[in-house]
Amino acid sequence: MLLDTNHLRSATSDRQQQAAQIACACLEEAPASLWWRIGGSAFLAMNGMVFSIALNGSDVTPAERYNLELTVFFVTLPVFFLLSWEFLQATWRSLLLRQLSIEFLFLLGIVSSLTASALFFIRGTGNGYADVAAMLLVIYALGRQIGAYGKQRVLESWEEWSPSKRQAHRLNGETVSAADVQPGDKIRVFPGEVVPVDCRIIAGSAFLHESSITGESLANGKSIGDQVMAGSFPIDASFDAEVTAPASGNQIDQVRALIESGLSRPGQEQRTAMKVLRWFVPFVVLASIATFLWHSQNMVWDQAVFIALSVTVIACPCALGFATPLAVWTAIAKLRELGIVARSGEAIEKLAEIDTVVFDKTGTLTLPEEYTATWQVSPAWQNQVAELRFLLREAEVSSRHALSRTLAPLWNSTVNATTTLTQVRLLPGVGIEADFQNGRHLFAGTVDGHQLVVRVDEVLAATIDLVEKQAPSVSPAIKELESLFIKVILSTGDSADRASAIPISTQLSRQSPAQKHALMLQLHDEGRKVLFAGDGLNDSAAMAWSHVACAAPDSAAWVRDLSGLLFLHRDWSQLARAIVIARKTRKVVRWNIGFSLAYNAFGIIAASAGLLHPVASALIMMASSLTVIIYSMQLMDWEPAE
């Protein structure tokens with residue numbers, strides 16, 4: 001059943017993605033030359049429109065009008081050669097998918113204007129509207145290019161990380177593109193240079209900055225056998241490494257792919273805008289036809305066409321087709337700057353609705369494999385602590401046990417040697433055993449997965465407690481979320497004692513996966529919109545039933561698949577800022593849709609009543625289009641208050 005559900009979800013997602021691409025033909029970045037074509041076309045169209053306004057306000061003879069309208073036609077004619085190709089391509093894609101898109105409404109206005117102009121030149125009566133058709137094409141191209149710019153803003157910070165832009169140095173001195181290296185190839189990375197691909201160190205060691213990938217501000221030491229991620233860079237030394245993944249399979253490229261796919265997945269409000277758009281096109285057509293039929297009963301045919309054309313031209317779906325996706329894409333870019341990947345527009349919309357955040361503890365609010373160690377020395381060894389420290393240090397350091405760095409604060413490096421280590425043995429999954437020259441035998445190993453014991457000569461010498469280290473941002477993150485009137489809950493499978501170190505007032509401990517899932521159902525029944533932040537299998541059921549899920553860094557693959565949001569670091573204080581950005585985006589989107597509906601309602605009524613000239617309708621439409629687009633673009637430079 002799970003496979004069937006996933007298949008259905010995938011099919012639905014594909015349909016939504018196709019609809020998003022049709023509703024706004026700006027998902028592919030427009031060529032830079034289009035800005036020049038738009039600028040030149042706008043100059044010609046505006047001049048033609050100004051000339052037409054002057055002509056309509058002047059008392060001229062029919063012959064003079066004919067010649068002057070012909071001049072307007074030839075002035076605006078280059079616009080159709082400069083801008084029609086992209087428009088016709090998008091319209092053709094809509095036809096292939098049998099979708100009524102924004103292109104059809106523009107097509108209707110352009111064809112109507114050119115048809116009325118053709119009738120004028122054939123019959124010699126009425127007016128020409130080539131300038132109106134040209135202006136409609138300019139408005140469409142401008143909205144399309146701004147949409148492309150919005151998407152480009154999301155991805156431009158990742159462009160330098162594309163495989164074709166990264167360089168790799170082979171051990172023979174050859175420098176190639178990262179796209180040309182394959183798993184198993186050997187490369188050399190120099191200080192200050194970006195690691196081009198995911199790799200494993202085979203010679204040398206270095207401190208590496210990984211802030212662009214993980215968000216950690218401190219450099220991490222890496223040596224032979226350690227994995228290094230593409231996008232990090234060494235700061236003090238070079239090293240040789242073996243490539244472990246193809247250029248397109250690196251973690252940084254996977255994140256980039258998630259962002260790209262997220263741009264094509266519309267959210268609920270975007271889908272609402274698309275539904276309105278599908279009804280909007282036939283509504284405008286019917287309104288235009290009804291206007292023509294009504295006025296043709298009381299006036300000449302040319303005047304009825306004149307008024308019906310105003311209805312077609314005044315209709316403006318730009319808030320639905322251009323401004324709404326632009327606002328969502330900008331929000332995705334803003335979250336990326338915070339180190340958060342939003343996998344779809346829907347994730348942004350759901351994030352704006354959040355009123356409750358539930359955190360997992362282990363691996364989410366705590367740092368993986370990082371502990372604070374404390375010990376209790378048994379009475380039998382109270383007078384021999386120095387020797388115990390020495391024995392433990394020699395055994396752990398010589399064995400290179402995984403916990404040796406964690407336990408390092410327990411021994412004193414200046415203690416005098418009392419004997420010599422003769423043998424050390426690793427006990428997989430348990431700990432270590434060590435023998436010393438003076439006959440001492442030491443065992444250090446786990447009892448219950450958290451507590452370690454140290455025995456010397458089969459006698460208990462000390463117990464060691466390991467406490468997970470919290471991410472430094474946990475406390476400020478909780479305060480910032482609560483300042484937004486968001487309820488914060490801790491749901492952990494760990495004990496209450498260990499959970500108590502987390503500064504969250506509402507805590508649920510010893511939670512099984514089923515209990516976490518039940519918590520989601522309970523909060524849902526209470527009407528709450530819940531964000532669940534987790535990292536492992538025990539969180540997956542709860543995350544699947546949350547309003548929106550957030551995956552912590554280093555989460556399991558299936559957790560990332562379930563999540564609408566992916567954190568690239570452990571600075572959870574950025575979550576509150578992300579919610580503020582999402583709420584601002586929702587406000588912009590709703591304002592755009594509301595403005596569009598109100599504008600079109602009043603505009604179509606006024607045009608149907610014969611109160612608007614087609615040229616005036618085109619100017620008003622242009623103003624409304626620019627209004628919603630500019631309102632959406634202000635998100636690009638907007639920053640949430642600290």
Side-chain angles (χ1 to χ4, degrees), residues 155-259 336-341 367-371 397 400-406 408 469 471-473 552-555 566-571 574:
L155 296 174
E156 64 183 2
S157 62
W158 287 91
E159 185 60 28
E160 62 183 287
W161 304 119
S162 64
S164 61
K165 296 293 181 69
R166 303 195 298 265
Q167 290 187 331
H169 305 291
R170 298 187 188 276
L171 298 187
N172 62 7
E174 180 185 8
T175 300
V176 298
S177 167
D180 296 329
V181 299
Q182 299 297 326
D185 290 354
K186 307 296 192 300
I187 62 172
R188 178 165 295 156
V189 183
F190 296 97
E193 292 189 356
V194 173
V195 177
V197 291
D198 288 354
C199 55
R200 183 176 60 255
I201 296 177
I202 58 175
S205 60
F207 278 100
L208 282 95
H209 262 304
E210 300 175 321
S211 57
S212 61
I213 311 300
T214 65
E216 292 185 68
S217 59
L218 299 178
N220 292 317
K222 301 285 186 178
S223 58
I224 294 176
D226 289 338
Q227 188 74 21
V228 178
M229 291 182 290
S232 58
F233 63 92
I235 61 176
D236 63 340
S238 62
F239 59 84
D240 295 344
E242 179 181 353
V243 177
T244 58
S248 59
N250 297 311
Q251 178 178 332
I252 194 169
D253 295 306
Q254 293 168 4
V255 172
R256 190 176 192 271
L258 287 174
I259 295 175
R336 172 61 191 91
E337 292 173 3
L338 300 180
I340 304 170
V341 175
L367 303 177
E369 305 302 326
E370 293 196 29
Y371 304 90
V397 172
R400 293 185 176 269
H401 190 266
L403 288 176
S404 60
R405 187 175 66 174
T406 301
K469 290 184 179 179
S473 62
D554 306 317
S555 297
L566 306 178
F567 261 65
L568 302 180
H569 51 69
R570 296 185 186 278
D571 184 1
Q574 300 293 2

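Because only heavy atoms are used, hydrogens play no part in the values below, and waters and symmetry mates are left out as well, while side chains stay in.
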- Can Gln574 and His569 be said to form a side chain to side chain contact (heavy atoms under 4.5 Å, CB included), step by step? CA-CA 10 Å; Gln574 300 293 2; His569 51 69; 3.9 Å; yes
- Query: Side chain of Asp198, backbone of Ala245: donor and acceptor closer than 3.5 Å?
  - Reply: no
- Note on the structure: Between the CZ atom in Arg188 and the CG atom in Asp240, the distance rounded to the nearest 0.5 Å is 4.0 Å
- Give me the one residue out of Asp226, Leu208, Ile187 that meets side chain to side chain contact (heavy atoms under 4.5 Å, CB included) with Phe239. Leu208
- Message: To the closest 0.5 Å, what do you measure between SG (Cys199) and CD (Glu242)?
- Response: 9.5 Å
- Side-chain donor-acceptor pair under 3.5 Å between Glu193 and His169, yes or no? yes
- Message: Using 0.5 Å steps for rounding, measure from the OG1 atom of Thr244 to the CG atom of Asp185.
- Response: 11.5 Å
- Item | Side-chain touch Ile201/Gln227, heavy atoms, less than 4.5 angstrom | no
- Query: With no hydrogens and no angle check, is any side-chain donor or acceptor of Arg570 less than 3.5 Å from a backbone partner on Pro553?
  - Reply: yes
- Query: Would you say the side chains of Ser177 and Gln167 form a donor-acceptor pair under 3.5 Å?
  - Reply: no
- For residues Gln182 and Val243, determine if any side-chain heavy atom of one lies less than 4.5 Å from a side-chain heavy atom of the other. no
- Task: Over all heavy atoms of both residues, which pair between Ala206 and Pro234 is shortest? Give the atoms and the distance, please.
- Result: CB-CB, 4.0 Å
- Distance from Leu568 atom CG to Arg336 atom CZ, nearest 0.5 Å? 5.5 Å
